[in-house]
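Positions are given from 1, in the same order as the sequence printed here. Only heavy atoms go into these numbers, but all of them, side chains included; no hydrogens, no water, no symmetry mates.
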Amino acid sequence: MAYKLIITERAEELLDQCVYHILFRFKNEQAAKHLLDGIDKLYDRMEDNPYQFADCRDSFLKSKGYKEAVVTGMDYIIIFRVEEDTVYVLGIFHQLENYKEKL
């Protein structure tokens with residue numbers, strides 16, 4: 001079953017902030033490209049089967065049905081939820097952030 005992927009405006013803004021931070025604060029184009037490539041791969045996997053990813057580690061978010069996907073080789077995660085045949089990407093965060101407060 002193929003799932004429909006909806007990336008919220010907030011998630012797009014958060015991704016832009018992450019990339020901007022990597023490019024202009026750390027001046028690391030390779031890391032920014034790695035992040036974007038990793039996110040694209042996770043989006044493809046979410047469209048195939050979003051249930052392959054773990055529930056959120058935060059108990060409150062887990063109780064609301066949120067899941068998380070970790071970008072391989074980086075400390076970034078995608079927070080999303082699944083409703084029927086649609087995956088809603090709600091945010092992209094560094095794992096050290098208090099993402100619960102930002103959702």
Inset, instruction - Give the cluster check for Leu96 versus Tyr20: same hydrophobic cluster or not, with ILVMFWY residues linked at side-chain heavy-atom distances below 4.5 Å. - result: no
Legend entry - Gap between atom CD of Glu47 and atom CG of Leu42 - 0.5 Å precision: 11.5 Å
Inset, instruction - Determine the sole option in Lys62, Gln95, Arg57 for which the side chain to side chain donor-acceptor pair (under 3.5 Å) test with Glu68 is passed. - result: Arg57
Inset, instruction - Give the minimum heavy-atom separation between Ile79 and Cys56, together with the two atoms involved. - result: CD1-SG, 3.9 Å
Legend entry - Salt bridge Glu83-Arg81, side-chain N to carboxylate O under 4.0 Å: yes
Inset, instruction - Check whether more than 12 heavy atoms from other residues, nucleotides or ligands sit under 6.0 Å from atom OH of Tyr51, and answer yes or no. - result: yes
Inset, instruction - Establish, from distance only, whether the side-chain atoms of Tyr3 and Glu84 form a donor-acceptor pair under 3.5 Å. - result: no
Legend entry - Separation of Leu5 CG from Phe80 CZ (nearest 0.5 Å): 9.5 Å
Inset, instruction - Go through the steps for Arg10 and Glu12 under the test salt bridge (Lys or Arg N to Asp or Glu O under 4.0 Å), then give the verdict. - result: CA-CA 5 Å; Arg10 178 72 176 139; Glu12 289 177 355; over 6 Å; no
Inset, instruction - May I ask you to decide if Phe53's main-chain N or O and Lys67's side chain share a donor-acceptor pair within less than 3.5 Å? - result: yes
Inset, instruction - Look at the side chain of His34 and the backbone N and O of Thr72, then say whether any donor-acceptor pair between them is shorter than 3.5 Å. - result: yes
Legend entry - Within-4.5 Å side-chain heavy-atom neighbours: Ile6 and Val87: no
Inset, instruction - Would you confirm whether Thr86, through its side chain, and Lys4, through its main-chain N or O, come within 3.5 Å as a donor-acceptor pair? - result: no
Legend entry - Stepwise side chain to side chain contact (heavy atoms under 4.5 Å, CB included) check, Tyr66 with Asp55: CA-CA 6 Å; Tyr66 289 86; Asp55 294 335; over 6 Å; no
Legend entry - Exceeds 12 heavy-atom contacts within 6.0 angstrom, atom CD of Glu29: no
Legend entry - Exam field: side chain Glu101 to backbone Asn98, donor-acceptor pair closer than 3.5 Å: no
Legend entry - Non-hydrogen atoms of Gly91 and Ala11 that approach each other most closely: N-CB, 3.8 Å
Inset, instruction - Quick one: closest heavy-atom pair of Phe24 and Lys27, and the distance? - result: O-NZ, 3.3 Å
Inset, instruction - Answer yes or no: is there a side-chain heavy-atom contact under 4.5 Å between Tyr88 and Val82? - result: no
Inset, instruction - Could you tell me whether the side chain of Glu97 reaches within less than 4.5 Å of the side chain of His94, counting heavy atoms only? - result: yes
Legend entry - Validation row: Ile39, Asp37 side chains within 4.5 angstrom (heavy atoms): no
Legend entry - Working for side chain to side chain contact (heavy atoms under 4.5 Å, CB included), residues Tyr99 and Leu61: CA-CA 10 Å; Tyr99 52 85; Leu61 294 176; 3.8 Å; yes
Inset, instruction - Report the C-alpha separation of Leu23 and Asn28 in whole Å, then their side-chain angles, then the decisive distance to 0.1 Å, and conclude whether the side chain to side chain contact (heavy atoms under 4.5 Å, CB included) test is met. - result: CA-CA 5 Å; Leu23 283 175; Asn28 191 336; over 6 Å; no
Legend entry - Minimum heavy-atom distance Tyr76-Cys18, with the two atoms named: CE2-SG, 3.6 Å
Inset, instruction - Measure the CD1-CG distance between Ile78 and Leu14 for me, rounded to the nearest 0.5 Å. - result: 11.5 Å
Inset, instruction - Could you walk me through whether Ile7 and Leu15 pass the side chain to side chain contact (heavy atoms under 4.5 Å, CB included) test, one step at a time? - result: CA-CA 11 Å; Ile7 303 161; Leu15 177 58; over 6 Å; no
